[in-house]
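Data block below; observations after.
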Amino acid sequence: MSTELVRVDYHNSAQASDLIRLLNDYACDPMGGAEDLPAHSQSHLVDALQDFPGAFSILCYVDGVAAGLTNCFTGFSTFKCKPLVNVHDMTVGSAFRGLGLSQLLLAEVEVIARERGCCKVTLEVLSGNQVAKNAYLKFGYEGYALDPSIGHAEFWQKSL
């Protein structure tokens, strides 16, 4: 088995197609919401990522087949006064799970974060997604808490 990590060139139509296919597969998974990406997202996402400051994506290929993806965004830590990277999407195709691809993707995210002078890498994970949580724990991630007696941080949203 041969693996290759590629920092996505959003102008490369093959990489763009692989990104959309993997992200749609993730969206269709129960851990991604169990439905297709909206048509607008499928047709406009790559251009939007290309134009979004600090966005980057990484594809993992196994024997030439796109098998894993992460989409990340640069943010900023006010307490550290340094940039950070947020892993927004992380997926490995079902046929490629168990091969350690998430660890390869996370390692490349960390390389990019260090190149950008970031103080940390953040991500969110569903509390019931034990497989993903195990992968993140294995790579050194942990739940965020300033003071464990106050509790762990929670990720909330308000749709607009």
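Heavy atoms only: backbone and side chains are in, while hydrogens, waters and symmetry mates are out.
Shown here for Gly143 and His152, the closest heavy-atom pair between the two residues is C-CD2, 3.6 Å. Between Thr70 and Asp89 the shortest heavy-atom distance is OG1-O, 2.8 Å. Considering all non-hydrogen atoms of both residues, Asp9 and Gln15 come closest at N-OE1, 2.7 Å. The two residues Val121 and Ala113 have their closest heavy-atom pair at CG2-CB, 3.8 Å. Between Tyr141 and Leu137, the shortest heavy-atom contact is O-CD2, 3.4 Å.
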**Request:** Decide yes or no on side-chain contact (heavy atoms from CB on, under 4.5 Å) for Met90 and Val125, but give the supporting numbers first.
**Result:** CA-CA 10 Å; Met90 170 72 73; Val125 61; over 6 Å; no
**Request:** Test side-chain contact (heavy atoms from CB on, under 4.5 Å) on Thr91 and Asp25 and set out the steps.
**Result:** CA-CA 9 Å; Thr91 186; Asp25 287 351; 5.9 Å; no
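Between Lys120 and Glu142 there is no salt bridge, since no side-chain N of the basic residue sits under 4.0 Å from a carboxylate O of the acidic one. A salt bridge links Asp29 to Arg97: one of the charged nitrogens lies within less than 4.0 Å of a carboxylate oxygen.
Counted within 6.0 Å of CZ on Arg114, heavy atoms from surrounding residues, nucleotides or ligands total 12 or fewer; the atom is thus considered open.
Between Asp63 atom CG and Met1 atom CE the span is 7.5 Å, to the nearest 0.5 Å. Distance CZ/Phe56 to CG/Asn71: 9.5 Å, rounded to 0.5 Å. To the nearest 0.5 Å, the span separating OG1 on Thr122 from NE2 on His88 amounts to 11.0 Å. The SG atom of Cys60 sits 10.0 Å away from the CD atom of Glu108 when rounded to the nearest 0.5 Å. Taken to the nearest 0.5 Å, the CZ atom of Phe76 stands 10.0 Å off from the NZ atom of Lys82. Atom CD in Gln50 sits 11.0 Å away from atom OG in Ser57 (nearest 0.5 Å).
Formation of a donor-acceptor pair under 3.5 Å by the Ser43 side chain with backbone atoms of Ala39 is found in this model. Between the Arg21 side chain and the Ala16 main chain, no donor and acceptor come within less than 3.5 Å of each other.
Counting heavy atoms from C-beta on, the side chains of Leu99 and Thr3 never come closer than 4.5 Å.
Leu126 shares a hydrophobic cluster with Met31; the chain of contacts runs through ILVMFWY side chains whose heavy atoms sit under 4.5 Å apart. The hydrophobic cluster containing Leu22, built from Ile/Leu/Val/Met/Phe/Trp/Tyr side-chain heavy atoms closer than 4.5 Å, also comprises Val6, Val8, Tyr10, Leu19, Ile20, Leu23, Tyr26, Leu37, Leu45, Val46, Leu49, Phe52, Leu59, Tyr61, Leu69, Phe73.
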Give the table of side-chain donor-acceptor pairs shorter than 3.5 Å for residues 128-135, with sequence neighbours excluded, one pair per line with atom names and distance.
from	atom 1	to	atom 2	distance (Å)
Asn129	OD1	Ala132	N	3.2
Gln130	NE2	Asn134	OD1	3.0
Lys133	NZ	Ser127	O	3.2
Asn134	ND2	Gln130	O	3.3

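Val87 and Leu84 fall into different hydrophobic clusters, where Ile, Leu, Val, Met, Phe, Trp and Tyr side chains are chained together by heavy-atom contacts under 4.5 Å.
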